[in-house]
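Hydrogens, waters and symmetry mates are skipped; everything else that's a heavy atom, side chains included, is used. In this text, all values refer to a predicted model and were calculated from it rather than measured experimentally. Starting from 1, each residue takes its place in the sequence as its number.
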Amino acid sequence: MRSRFGTTVLLGEGERAGFEDMLAKAPPPEIPQTPYLRRSGAPTHVVDALRRMGANIDLSVWTRPDGYVADGEVVTVGDARLTARHTPGHTQGHFLFHDLERTLMFTGDHVLPHITPSIGFEQIIAASPLRDYLASLELVRSFPDALLLPGHGPIGQSVHDRVDELIAHHGQRLDETLRAVDRGADTAYAIAEQLTWTSGHRRLGELDPFNTMLAVLETLWHAELLAERGHVQAHDVGEIRHFTR
């Protein structure tokens, strides 16, 4: 966009460390999600498929942004004033932009109308991506309501209504994860096999390698949050994280 249109490109301040880390690795030995897949107990063929995907990443197409946005910064676009709000979860540097005068909110990938965004899919992964994401949803819920203008998907929904749905969804997902542990699934991969995925309620084995990775890592973040809250016990055997009651 910058080379074609002369656009000034800004990223959230929380993306800086990951962006610099990515540019320092050319080519990367493996994408950052690979060790987390191993931690999840994913079988070798799943890990290998992800590693092959990482081998095809071309870092030469990336350049640094013109600058970084800080929380609370006001960006003027024409006669609109957009307040930048830091909402980590999808990534650590994710921001949404709130037009208070026009009751509009550009929510990026934080609040999407039909799907739940992936969490922690970035170069440097936060200690607890789901905890960050849920806290950011609660933060957005505390702002005045606005019309939802998402990064992709249809516009027109109340931001508050959609945030409530997302919080309820993750609450249900935490309950499903806990029930899977009660049935004896003790790794994130084993738990993910007991859940269904996408709006079509597909099984884990029906997903392509990329979406398998997203599903397993999302399950890992839910299980880790249950451990943080004291609902399950987490312990490592070798490089694999196990969850028990």
Side-chain angles (χ1 to χ4, degrees), residues 30-54 88-91 94 107-122 125-126 128-134 136-137 148 150-154 157 162-229 231-232 234 240-244:
E30 59 182 20
I31 67 173
Q33 287 70 36
T34 306
Y36 289 90
L37 263 190
R38 290 195 292 264
R39 177 187 291 187
S40 300
T44 301
H45 73 274
V46 173
V47 177
D48 286 345
L50 183 63
R51 186 180 291 112
R52 287 193 294 272
M53 288 169 51
H90 177 62
T91 66
H94 189 283
T107 60
D109 276 355
H110 183 60
V111 181
L112 296 172
H114 290 157
I115 62 173
T116 59
S118 60
I119 49 178
F121 184 61
E122 54 189 325
I125 299 173
S128 185
L130 181 58
R131 181 185 64 204
D132 293 346
Y133 180 64
L134 293 176
S136 293
L137 286 177
L148 175 63
H152 47 95
Q157 194 171 358
R162 183 55 181 155
V163 165
D164 290 344
E165 291 173 357
L166 289 166
I167 291 173
H169 164 78
H170 284 287
Q172 178 182 345
R173 211 59 168 167
L174 287 165
D175 290 342
E176 293 171 350
T177 301
L178 191 58
R179 288 195 292 270
V181 173
D182 286 338
R183 290 191 295 266
D186 69 338
T187 67
Y189 191 87
I191 296 168
E193 288 185 305
Q194 294 199 19
L195 306 178
T196 58
W197 300 95
T198 75
S199 59
H201 300 286
R202 299 166 68 189
R203 309 304 301 190
L204 186 68
E206 300 176 67
L207 304 180
D208 60 63
F210 180 77
N211 283 292
T212 297
M213 178 267 295
L214 292 181
V216 172
L217 294 186
E218 181 175 316
T219 305
L220 177 63
W221 310 139
H222 281 80
E224 293 282 13
L225 186 59
L226 288 172
E228 289 179 34
R229 293 177 174 179
H231 298 303
V232 300
I240 300 177
R241 176 66 61 94
H242 293 265
F243 301 94
T244 56

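The CG atom of L166 sits 8.0 Å away from the NE2 atom of H110 when rounded to the nearest 0.5 Å. With rounding to the nearest 0.5 angstrom, the OG1 atom of T198 is 6.5 Å from the CG atom of L207. In this structure, OH on Y189 lies 14.0 Å from CG on L220, to the nearest 0.5 angstrom. From Q33, atom CD reaches atom CD of E122 across 8.5 Å, with rounding to the nearest 0.5 Å. The distance from atom CZ of R162 to atom CD1 of I167, rounded to the nearest 0.5 Å, is 11.0 Å. Annotation: the span from R131 atom CZ to I119 atom CD1 amounts to 12.0 Å, rounded to 0.5 Å.
Using a 4.5 Å heavy-atom cutoff, the side chains of T196 and R202 are not in contact. A 4.5 Å side-chain heavy-atom check between T212 and L37 finds every atom pair outside the cut-off. No side-chain heavy atom of L226 sits less than 4.5 Å from a side-chain heavy atom of V181. Side-chain atoms of V46 and M213, non-hydrogen and from C-beta on, never get closer than 4.5 Å to each other.
Using a distance-only test at 3.5 Å, with no hydrogens or angles considered, no donor-acceptor pair links the side chain of W197 to the main chain of E206. A side-chain donor-acceptor contact under 3.5 Å links T187 to the backbone of A190. Panel note: side chain S40, backbone A42; no donor-acceptor pair is recorded below 3.5 Å. For H90 (side chain) and S118 (main-chain N/O), a donor-acceptor pair under 3.5 Å exists by modelled atom type. The backbone N or O of G153 lies less than 3.5 Å from no partner atom in the side chain of H114, so there is not a single donor-acceptor pair.
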Next item on the list: Let me see the working for T116 and R173 under side-chain contact (heavy atoms from CB on, under 4.5 Å), right down to the final yes or no.
Entry: CA-CA 12 Å; T116 59; R173 211 59 168 167; over 6 Å; no
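Taking the centre and axis of the six-membered ring of W221, the NZ or CZ atom of R39 falls outside the cone set by 45° and 6.0 Å.
Between Y133 and H170, the two ring planes are perpendicular [angle over 60°; tilted spans 30° to 60°].
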